[in-house]
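Worksheet: one structure, shown below.
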Amino acid sequence: MFETLKPRPADGILTLMQLFKDDPRPTKIDLGVGVYKDATGLTPVMRAVKSAEEQLWQTQDSKVYTSLAGDPAFSDAMIQLVLGGHVPRETISAVATPGGTGAVRQAFELVQMANPDARVFVSDPTWPNHLSILSYLGIEAVPYRYFDADSRGVDVDGMMQDLAAVRRGDVVLLHGCCHNPTGANLTMTDWQAVVDLLLSSGAVPMIDIAYQGFGEGLEEDAEATRLVASSVPECLIAASCSKNFGIYRERTGLLMAISQEAEARKLNQETLAFLNRQNFSFPPDHGARLVTMILNDDALRADWETELNDVRESMLGLRHELASELQRLSGSDRFGFLAQHRGMFSRLGTTPEKVAEMREQHGIYMVADSRMNIAGLNRETVPLLAKAIIDVGI
Ligand code: LMR
């Protein structure tokens with residue numbers, strides 16, 4: 001029977017990971033998949049995570065199931081981290097999910113159950129897996145302009161014009177911070193305009209926040225999410241712990257559904273628990289427990305925040321070094337946007353052909369849309385990348 005299956009289109013990011021692995025050149029540089037790497041190329045286990053794991057090993061005396069929604073202490077801790085008390089706790093339903101992707105998937109399913117005709121407005125571009133999951137679920141994705149190819153910033157006018165088409169019953173998917181794949185982000189004034197549009201249209205925002213702490217700081221990166229969530233009557237938030245806690249493979253995320261209506265809130269909570277049960281039953285607990293321990297313990301939290309801040313500053317430093325090296329080599333300011341972008345990624349804004357040339361001639365791996373993982377660089381490779389960019393004529 002399985003011969004009837006149809007081949008699936010390969011995921012561009014995962015295919016690139018394999019291509020990089022298979023490349024024998026010792027000088028190759030991986031700017032592909034979005035994982036943080038230190039100066040030695042290692043994706044380290046964070047100190048606070050190690051300490052929490054040690055404590056957990058000493059004290060955990062059972063691994064019996066938690067609940068379909070996960071451990072309520074994890075939800076509370078994450079809600080506080082993301083929303084910082086800006087939204088009343090009693091208006092928030094929440095379930096733990098396998099990673100941020102799990103939260104995105106459950107959110108889309110919730111939307112579809114609530115309104116089978118819902119359209120989801122997505123930035124053009126967005127994380128490719130958003131589009132893939134929407135298409136798999138048969139939900140219509142409507143792109144809105146986002147990236148300005150000339151300035152490599154946000155095309156705010158184009159975005160607002162396209163979003164004027166949203167209707168009540170639609171969802172607007174927004175990246176809370178550190179836009180993936182562009183690195184270009186809205187200002188708080190832009191966010192306020194988005195809020196006004198949401199309020200006048202009655203569309204529901206869905207915020208994907210996967211890089212809190214990677215842009216300007218933990219609090220600063222949550223500011224837009226807090227503004228939206230505290231301004232509108234209903235909101236979905238998919239939060240990931242993969243990057244900011246460095247626990248990628250533990251699959252740790254939280255989906256929050258905010259509603260001012262008590263009945264809707266109850267239904268959200270029940271439906272999200274139902275969806276967990278249908279899709280994987282109980283959510284993974286190990287990563288969630290580590291996150292809860294870290295967020296609730298002063299010493300662990302302080303250590304985590306310090307390390308996260310170092311990670312953020314090192315990426316920021318690399319951005320500035322790359323922008324200034326490119327300025328030196330090109331004699332122009334046309335790469336200044338690299339220092340303005342925030343988070344792990346920057347979209348260089350070149351063609352797939354040039355991206356392929358960089359890979360083939362220089363062993364530099366970036367996603368075909370010219371997204372670069374800045375954390376894949378180090379002080380030695382910044383000049384090599386800059387030279388390659390100029391050599392291929394970008
Ligand atoms: C990325 O965008 O590279 C990450 O979110 C990893 C992934 O799963 O695609």
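Numbers here are sequence positions counted from 1.
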Subject >> Contact list for residues 34-43, test side-chain hydrogen bond (donor to acceptor under 3.5 Å, both in side chains), sequence neighbours left out >> reply: Asp30-Lys37, Tyr36-Ser314, Asp38-Thr40
Original post:
Which residue pairs satisfy the side-chain hydrogen bond (donor to acceptor under 3.5 Å, both in side chains) criterion with at least one member in residues 191-200, sequence neighbours excluded?
Top reply: Gln192-Asp196
What are the two closest heavy atoms between [X] and [Y], and how far apart are they?
| X | Y | result |
| --- | --- | --- |
| Phe337 | Arg347 | CE1-O, 3.5 Å |
| Ala375 | Met315 | CB-SD, 3.9 Å |
| Pro283 | Thr97 | CB-N, 4.2 Å |
| Arg371 | Gly34 | NH2-N, 3.6 Å |
| Leu137 | Phe108 | CD1-CB, 3.6 Å |
| Gly100 | Ala238 | O-CB, 4.4 Å |

Tell me if the [atom1] atom of [X] is crowded by more than 12 foreign heavy atoms within 6.0 Å.
| X | atom1 | result |
| --- | --- | --- |
| Arg249 | CZ | no |
| Glu270 | CD | yes |
| Glu54 | CD | no |
| Phe282 | CZ | yes |

Salt bridge [X]-[Y], side-chain N to carboxylate O under 4.0 Å:
| X | Y | answer |
| --- | --- | --- |
| Glu305 | Arg301 | yes |
| Lys50 | Glu53 | no |
| Arg47 | Asp303 | yes |
| Arg145 | Asp162 | yes |

**OP:** Answer with yes or no whether the hydrophobic clustering places Leu186 together with Leu197; edges join I, L, V, M, F, W, Y residues whose side-chain heavy atoms lie under 4.5 Å apart.
**Re:** yes
Original post:
Would a hydrophobic clustering, with Ile, Leu, Val, Met, Phe, Trp and Tyr connected at side-chain separations under 4.5 Å, put Val291 with Leu255?
Top reply: no
Hey, does the side chain of [X] reach the backbone of [Y] with a donor-acceptor pair shorter than 3.5 angstrom?
| X | Y | value |
| --- | --- | --- |
| Gln212 | Leu218 | yes |
| Asn185 | Cys178 | yes |
| Asn129 | Ser132 | no |

Original post:
Linking Ile, Leu, Val, Met, Phe, Trp and Tyr by side-chain heavy atoms under 4.5 Å, what else ends up with Leu316?
Top reply: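 When side chains under 4.5 Å apart are linked, Leu316 ends up in no cluster with other residues.
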Subject >> Side-chain cluster (under 4.5 Å, hydrophobic types only) that Leu5 belongs to, other residues >> reply: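 Besides Leu5, the hydrophobic cluster comprises Met1, Phe2, listed by chain and residue number.
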Verify whether one side chain among [X] and [Y] offers a donor that lies under 3.5 Å from an acceptor in the other.
| X | Y | result |
| --- | --- | --- |
| Ser346 | Arg319 | yes |
| His179 | Ser123 | yes |
| Asn268 | Arg265 | no |
| Asp148 | Ser151 | yes |
| Arg226 | Ser230 | no |

Going by side chain to side chain donor-acceptor pair (under 3.5 Å), name the residues that satisfy it together with [X], two or more places apart in sequence or in a different chain.
| X | value |
| --- | --- |
| Gln106 | Asn276, Asn279 |
| Thr126 | His130, His175 |
| Tyr146 | none |

May I have the list of side-chain donor-acceptor pairs in residues 7-21 shorter than 3.5 Å, sequence neighbours left out?
from	atom 1	to	atom 2	distance (Å)
Asp11	OD1	Ile13	N	2.9
Asp11	OD1	Leu14	N	3.0
Thr15	OG1	Asp11	O	2.7
Gln18	NE2	Asp22	OD1	3.1

Determine the sole option in [options] for which the side-chain contact (heavy atoms from CB on, under 4.5 Å) test with [X] is passed.
| X | options | result |
| --- | --- | --- |
| Met206 | Leu110, Leu236, Val122, Val172 | Leu236 |
| Met366 | Ile29, Asn373, Leu385 | Leu385 |
| Ile364 | Leu31, Thr381, Ile389 | Leu31 |

Original post:
Under the side chain to side chain donor-acceptor pair (under 3.5 Å) criterion, do Asp285 and Tyr65 qualify, and how do the steps go?
Top reply: CA-CA 9 Å; Asp285 180 69; Tyr65 295 124; over 6 Å; no
Subject >> All pairs passing salt bridge (charged side-chain N to carboxylate O under 4.0 Å, His left out) where residues 65-79 contributes a residue, at least two apart >> reply: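 Checked against salt bridge (charged side-chain N to carboxylate O under 4.0 Å, His left out) - neighbours excluded - the pairs reaching residues 65-79 are Asp71-Arg289, Asp76-Arg89.
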Original post:
Who passes salt bridge (Lys or Arg N to Asp or Glu O under 4.0 Å) against Arg342, sequence neighbours left out?
Top reply: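 Arg342 satisfies salt bridge (Lys or Arg N to Asp or Glu O under 4.0 Å) with Glu216 once adjacent residues are dropped.
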Pair up each side-chain donor or acceptor in residues 348-360 with any protein partner under 3.5 Å, not counting sequence neighbours, and list the distances.
from	atom 1	to	atom 2	distance (Å)
Thr351	OG1	Lys354	N	3.1
Lys354	NZ	Val392	O	2.8

Original post:
Taking only residues two or more places apart in sequence or in another chain, which ones pass ring-ring contact (aromatic ring centres under 6.0 Å, His included) with Phe345?
Top reply: Tyr211
**OP:** Please examine the side chains of Gln260 and Ile258, heavy atoms only from C-beta on, and report whether any two atoms are closer than 4.5 Å.
**Re:**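 In contact.
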